[in-house]
Amino acid sequence: ALALSMSRATDGSKWRFLEHKGPVLAPPYEPLPGHVRFFYDGKPMKLSAAAEEVATFFAKMLDHEYTTKDIFRKNFYKDWRKEMTSEEKSKITDLTKCNFTEMSEYFKAQSEARKQMSKEEKLKIREENERILQEYGFCVMDNHKERIGNFRIEPPGLFRGRGDHPKMGMLKRRIRPEDIIINCSKDSKHPKPPQGTRWKEVRHDNKVTWLVSWTENIQGSIKYIMLNPSSRIKGEKDWQKYETARRLKKCVDRLRAQYRDDWKSKEMRIRQRAVALYFIDKLALRAGNEKEEGETADTVGCCSLRVEHIKLYPKMDDQEYVVEFDFLGKDSIRYYNKMPVEKRVFKNLQLFLENKQPEDDLFDRLNTSILNKHLQELMDGLTAKVFRTYNASITLQQQLKELTSPEESIPAKILSYNRANRAVAILCNHQRAPPKTFEKSMQNLQTKIDEKQKQLSTARKQLKGAKTEHKIGGLLEEQLMNLQMQATDREENKQIALGTSKLNYLDPRISVAWVKKWDVPIEKIYNKTQREKFAWAIDMAEEDYEF
DNA sequence: CGACCGACTTGTGTGGAGAATG
DNA sequence: CATTCTCCACACAAGTCGGTCG
């Protein structure tokens, strides 16, 4: 299998045969019933279908804070006007005079009604969804029937980027068949466009893995329909990724020695490269490509760090040479960290900061392309992101070794596993907003624990001397322990998201080996989807697997 | 080079199904 | 049996990185 996948990689073709049914298009717009009105300046006003549709997008978001934001409103209003008839355009001149509440109430009622539907109605919908899944959700790639990832075209709506996005509120336009490129093999049954329409193009490019693509109008980027993570093509790629990270493991000592040496280089660009690489390695920062200003939220990664994102403290409390990081990374998630660094790194950073303004680049002689070219020379296939994969996986393996005690119960082992996973999530800065119901659910759990404690103490009193004491007391004790561990796990997980690292950074063979070694049911670690995605690893890894 | 594009991976938030609970 | 809670699948945004072109 390895040889086969390698040969596939070398000739560049990803498949020989590809057949699918094409995408599921967004349902057409259904005009509002007559009694649901839009008001302008206090008076009801009937909108054209096109203008009404865009208005409904806004109405559906009325409860969100961002509809109050200036940029959102400005962008929405500008794009909305483009959909209006000239008459509407001349009438509607001020967004603050627009009243969408009746529309908003209507949609709320609709969703309420959906919840109240009878079992039969819900079943009917489920069956229809299942039918669509069966028809459009699978394709044939080479000799396999494979699950498709996202076979639905994204419906129109208002764009809501993350963080302070300059384009929030813009209209994401409806995608028509004429916008869509189909990719499949020549000798397959081509997907049919809906009656009376045609695809933009049907091509047969087996150097790529996507089945359908279209260009989105907000950033002008291309969107794709690709296979599900459980597919052969994704699985092999994933496996390859971890093999690259394992190769890094073999030479990481050499690379670390090298960049430490480069801290002393005569050349500025080499010093910058070496300090950046140190951050990427030590802090698991992302590479940090440049971004076009005004097109996206202002976020950075390692190479795009600016002077304003770090602070240097020669002394802080009892530590020397502390660097404080404070910046917005991917998805505008804040990265905040204080790290003591070696004197040489500190001196270099001082040098990089000389004569610069806060908004200047910290590494002005470096970008991701330069860095990756350098890495490529150090190891075949090495790029900045491999460090994240490597450090995440090696951390999991080390933490599992350190935290798992042979004699502890299965729930205790799972807590240990989650703690190891948590160490990685913290390294990678995978945060989440604490769930809205967090406090409540912690309270509920605490109530359960208290009850269990009471049960245990009454049981102890009543059963004094009885020969079942040991058995029942033991059971209750175990239940109590499990609840307490659940509470600990949940508390520690309050602001940490484990999913991303589990799915994208942790070599699944480490986890598979661990469950095999300790006889932990794999279902406790991976749910059904995850087991499907990692089927290759579950097949492959034995308990002695070493990353 | 550097801008731009294309293909692919990584990331968070959410809605709804199904489990748990009263 | 209705209500609440939990977790998963999904949506889709936002990264990385390599290639091409002028």
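Sequence lines set the chain letters: A, B, ... in the order given, protein chains first and strands last, and positions in each chain run from 1.
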Note to self: Assuming nearest nucleotide by heavy-atom distance, tell me which of A:Thr529 and A:Gly301 is located more 5' along DNA chain C.
What the structure shows: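 Nearer the 5' end of the strand: A:Thr529.
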
Nearest-neighbour nucleotide for the [X] side chain, [options] considered:
{"X": "A:Arg490", "options": "C:dT6, B:dG18, B:dC4", "answer": "C:dT6"}
{"X": "A:Arg152", "options": "B:dT12, C:dG18, C:dA11", "answer": "C:dA11"}
{"X": "A:Ala287", "options": "C:dT16, B:dC8, C:dA14", "answer": "C:dT16"}
{"X": "A:Lys237", "options": "B:dC8, C:dC12, C:dT16", "answer": "B:dC8"}
{"X": "A:Ile222", "options": "C:dA9, B:dG6, C:dT6", "answer": "B:dG6"}
{"X": "A:Trp210", "options": "C:dT6, B:dT12, B:dC8", "answer": "B:dC8"}
{"X": "A:Asn372", "options": "B:dA7, B:dC4, C:dC17", "answer": "C:dC17"}
{"X": "A:Thr299", "options": "C:dG15, B:dT9, C:dA9", "answer": "C:dG15"}

Heavy-atom donor-acceptor pair, [X] side chain to [Y] backbone, under 3.5 Å:
{"X": "A:Lys502", "Y": "A:Ile525", "answer": "yes"}
{"X": "A:Trp536", "Y": "A:Ser230", "answer": "no"}
{"X": "A:Lys413", "Y": "A:Val520", "answer": "no"}

Rounded off to whole Å, could you give me the [atom1]-to-[atom2] distance for the [X] and [N] pair?
{"X": "A:Lys14", "N": "B:dT9", "atom1": "NZ", "atom2": "P", "value": "9 Å"}
{"X": "A:Asn504", "N": "C:dA13", "atom1": "CG", "atom2": "C1'", "value": "14 Å"}
{"X": "A:Gln110", "N": "B:dG15", "atom1": "CD", "atom2": "C1'", "value": "16 Å"}
{"X": "A:Glu128", "N": "B:dG16", "atom1": "CD", "atom2": "P", "value": "17 Å"}
{"X": "A:Lys291", "N": "C:dG15", "atom1": "NZ", "atom2": "C1'", "value": "8 Å"}
{"X": "A:Tyr526", "N": "C:dA9", "atom1": "OH", "atom2": "C1'", "value": "18 Å"}
{"X": "A:Asp331", "N": "B:dG11", "atom1": "CG", "atom2": "P", "value": "8 Å"}
{"X": "A:Met61", "N": "B:dG13", "atom1": "CE", "atom2": "P", "value": "16 Å"}

Walk me through it: do A:Tyr335 and A:Leu285 pass the test side chain to side chain contact (heavy atoms under 4.5 Å, CB included)? CA-CA 9 Å; A:Tyr335 183 93; A:Leu285 299 190; 3.9 Å; yes

Open item on the list: So, under a plain 3.5 Å distance rule, would you say the side chain of A:Lys330 forms a donor-acceptor pair with the base of B:dT10?
Closed with: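 Per atom types, the contact qualifies.
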
Tell me what [X] touches on the nucleic acid: a base, only sugar-phosphate, or nothing, going by heavy atoms under 4.0 Å.
{"X": "A:Arg162", "answer": "base"}
{"X": "A:Ser369", "answer": "nothing"}
{"X": "A:Ala384", "answer": "sugar-phosphate"}
{"X": "A:Tyr505", "answer": "sugar-phosphate"}
{"X": "A:Thr383", "answer": "sugar-phosphate"}
{"X": "A:Lys172", "answer": "sugar-phosphate"}
{"X": "A:Asn289", "answer": "base"}
{"X": "A:Gly288", "answer": "sugar-phosphate"}
{"X": "A:Pro229", "answer": "nothing"}
{"X": "A:Arg531", "answer": "nothing"}
{"X": "A:Lys241", "answer": "sugar-phosphate"}

Classify the angle between the aromatic ring planes of A:Phe325 and A:Phe327 as parallel (below 30°), tilted (30 to 60°) or perpendicular (above 60°).
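Plane angle over 60°, so perpendicular.
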
Centre-to-centre under 6.0 Å for A:His20 and A:Phe151, is that the case here?
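Ring-ring flag for A:His20/A:Phe151: false, centres at least 6.0 Å apart.
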
- Between A:His430 and A:Tyr505, is the ring centre distance below 6.0 Å?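 For A:His430 and A:Tyr505, the ring centres are under 6.0 Å apart.
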
- Message: Go nucleotide by nucleotide along DNA chain B from the 5' end; which of A:Thr209 and A:Arg114 gets its closest nucleotide reached first?
- Response: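 It is A:Thr209 whose nearest nucleotide is closer to the 5' end.
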
- prompt: Taking for each residue the nucleotide of DNA chain B with the nearest heavy atom, is it A:Ile125 or A:Arg203 whose nucleotide lies nearer the 5' end?
  reply: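 In this pair, the answer is A:Arg203.
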
Establish, with yes or no, whether the OP1 or OP2 oxygen of [N] is under 4.0 angstrom from a side-chain nitrogen or oxygen of [X].
{"X": "A:Lys223", "N": "C:dA11", "answer": "no"}
{"X": "A:His165", "N": "C:dA14", "answer": "yes"}
{"X": "A:Lys234", "N": "B:dT9", "answer": "yes"}
{"X": "A:Arg388", "N": "B:dT9", "answer": "no"}
{"X": "A:Arg334", "N": "B:dT12", "answer": "no"}
{"X": "A:Arg147", "N": "C:dC10", "answer": "yes"}

Checklist entry - Can you tell if the side chain of A:Leu25 reaches within under 4.5 Å of the side chain of A:Pro177, non-hydrogen atoms only? => result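 A side-chain contact exists here, since the closest heavy-atom pair is under 4.5 Å.
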
